[in-house]
Amino acid sequence: MTLRARIWGLLDPISHGHAARRVRALELLLILIGIFSVSAGTVDWVAPAARAVAASVSGIVAVLFFVEYLVRLWVAPENPHRHPTTEARSRLRWVVSAEGIIDLLAVIPAVAAASGGARFGAESASVFVLLWVLKLATHAPGVGLIARVFHNERSALAAAAALFMIVLFSAATIAHWLESEHQPEHFGSIPASLWWAVVTLTTTGYGDVVPQSALGRVIGGLVMLCGISVLALLAGILATGFAEEVRRREFVRIWELVARVPFFADVGAIAIADIVGHLRSRSYPAGTMVIRTGEVGDSMFFIVTGKVEVRIGPRTRALRDGHFFGEMALLDRKPRSADVVTVTPCTLLVLNVADFYQLAGQQPALIAAIDTEAKRRRAEDR
Ligand code: CMP
């Protein structure tokens, strides 16, 4: 693998590797340090020496973002999700993508400071906060998820927005009819009444504009109730959208992990879909005792990456990616027969006992294969 491909692996926003996650965390930390140091520079009571340190930190962060931009530009052709013909084109596509534009904006402070020569004043530097907050928006985990949820739920959200507009304009028009005589300055026209309608419908209620007539107040009450209903509707749409998207992403992630376990290689797509719904992934550092002899068995494990050691009294057995363990206690309904300890950092797929028996009904061939291996192990341990 070339150096460029390796660096792309570290910067790939969807990579689940430990190193890639660490790079993402570091980048997030850098953005937060940058925002914090620029913000600190605008506080009057901070001592001049501390402000000078904050300005230097902001400068360092700006330079690091500049370097990062150049690195991202260099590795852009490694992105497998874009298929342009030449390297220059894939770089250009990254430059004009939302992420590329935002990263370019984040570089402005470094370029401005370099071309201006002198150090920036705290107030003019405060604009960096806005640029770096934008960068935070693209690199913070979960922002992509929010964007996706809004995209998935766009038709339901549009319907709720339409309902909002209907109530808003109806309320503003009725308030204009009822109140224009009493308060022409606030309700003299429909656009003027809209301010009251928005404040009331969003249940903000500044209280700066209040209907005077009895009927106007009744309408005000109704608008508030409508506002609560519309907001509840929006909250419901977004909450369901989030739950569905998180479930979908988890399903795809587990599916990718299952695909890496050779034991599932011969199982058809429909059966895999069955299995994926029952599995959870867990990461363990090296040296963790995953199973202890004599414990009650409540789950079995498939190794996606890493190595474990099975300790049966003085004897040991090594298991690696593609193998499984913890099945005997579930099949025999007996306590655990051995200790199982991770030798390297491991990613495991966990199948709990209830799901194991449910799967036994749905996928008897799969459980029979596990049973055959358990029989072989039992014979070996005797
Ligand atoms: P269980 O008894 O639930 O917990 C300990 C696990 O160690 C056991 O299931 C098996 O999965 C595993 N194990 C026991 N003996 C062997 C063996 N000889 N080879 C590989 N794995 C084993």
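Both counts, for ligands and for their atoms, begin at 1 and track the order of listing. None of the values given here were measured: they were computed from a predicted structure. All residue numbers in this chain count up from 1 along the given sequence.
Distance check, rounded to the nearest 0.5 Å: CD1 of Ile33 to CH2 of Trp132 gives 11.0 Å.
For the pair Arg333 and Tyr357, the distance from NZ or CZ to the six-membered ring centre is under 6.0 Å and the angle to the ring normal is within 45 degrees.
Of all the heavy atoms of Glu327, the ones lying under 4.0 Å from any atom of ligand 1 are found in both the backbone and the side chain. Counting heavy atoms closer than 4.0 Å to ligand 1, residue Met328 contributes atoms from both its backbone and its side chain.
The ligand atoms of ligand 1 that sit less than 4.0 angstrom from a heavy atom of Gly326 are 1 (P), 3 (O), 6 (C), 8 (C), 9 (O), 10 (C), 11 (O). Of all atoms in ligand 1, listed by their number and element, those nearer than 4.0 Å to a heavy atom of Phe325 are 11 (O). The contact set between ligand 1 and Val310, taken as ligand atoms under 4.0 Å from a residue heavy atom, comprises 7 (O), 12 (C), 13 (N), 14 (C), 21 (N), 22 (C). Residue-ligand proximity, Ala329 to ligand 1, at heavy-atom distances under 4.0 Å covers atoms 1 (P), 2 (O), 3 (O).
When the shell of 6.0 Å around CZ of Arg253 is examined, it contains more than 12 heavy atoms from other residues, nucleotides or ligands.
Below 3.5 Å of separation, one finds no N or O of Ile312 facing any N or O of ligand 1.
Residues Asn79 and Trp94 fail the side-chain proximity criterion, which asks for heavy atoms closer than 4.5 Å. The side-chain heavy atoms of Leu134 and Leu105, taken from C-beta on, include a pair separated by under 4.5 Å.
The single protein non-hydrogen atom nearest to atom 15 (N) of ligand 1 is Asp381 OD2, 2.6 Å, given as residue, atom name and distance. Counting protein heavy atoms only, atom 18 (N) of ligand 1 is closest to Glu380 OE1, 2.6 Å. Summary of contacts: the protein heavy atom closest to atom 2 (O) of ligand 1 is Ser337 OG, 2.7 Å.
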Show me the side-chain donor-acceptor pairs of residues 219-247 shorter than 3.5 Å, one per line, residues at least two apart or across chains.
residue : atom : partner : partner atom : Å
Ser229  : OG   : Leu225  : O            : 2.8
Thr240  : OG1  : Gly236  : O            : 2.5
Glu245  : OE1  : Asn152  : ND2          : 2.8
Glu245  : OE1  : Arg248  : NH1          : 2.8
Glu245  : OE2  : Arg249  : NE           : 3.0

Listing, residues 183-192 side-chain donor-acceptor contacts under 3.5 Å, not counting sequence neighbours, or none:
residue : atom : partner : partner atom : Å
Gln183  : NE2  : Glu179  : OE1          : 3.2
Gln183  : NE2  : Val210  : O            : 2.6
Ser189  : OG   : Ala192  : N            : 3.1

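Selection from Arg377, Arg336, Glu373 by nearest heavy atom to atom 4 (O) of ligand 1 gives Arg336.
Note on ligand 1: Ala338 sits in its first shell, one or more heavy atoms being nearer than 4.0 Å.
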**Request:** I would like to know whether Phe325 and Leu348 meet side-chain contact (heavy atoms from CB on, under 4.5 Å); could you show each step before the answer?
**Result:** CA-CA 10 Å; Phe325 59 90; Leu348 306 179; 3.9 Å; yes

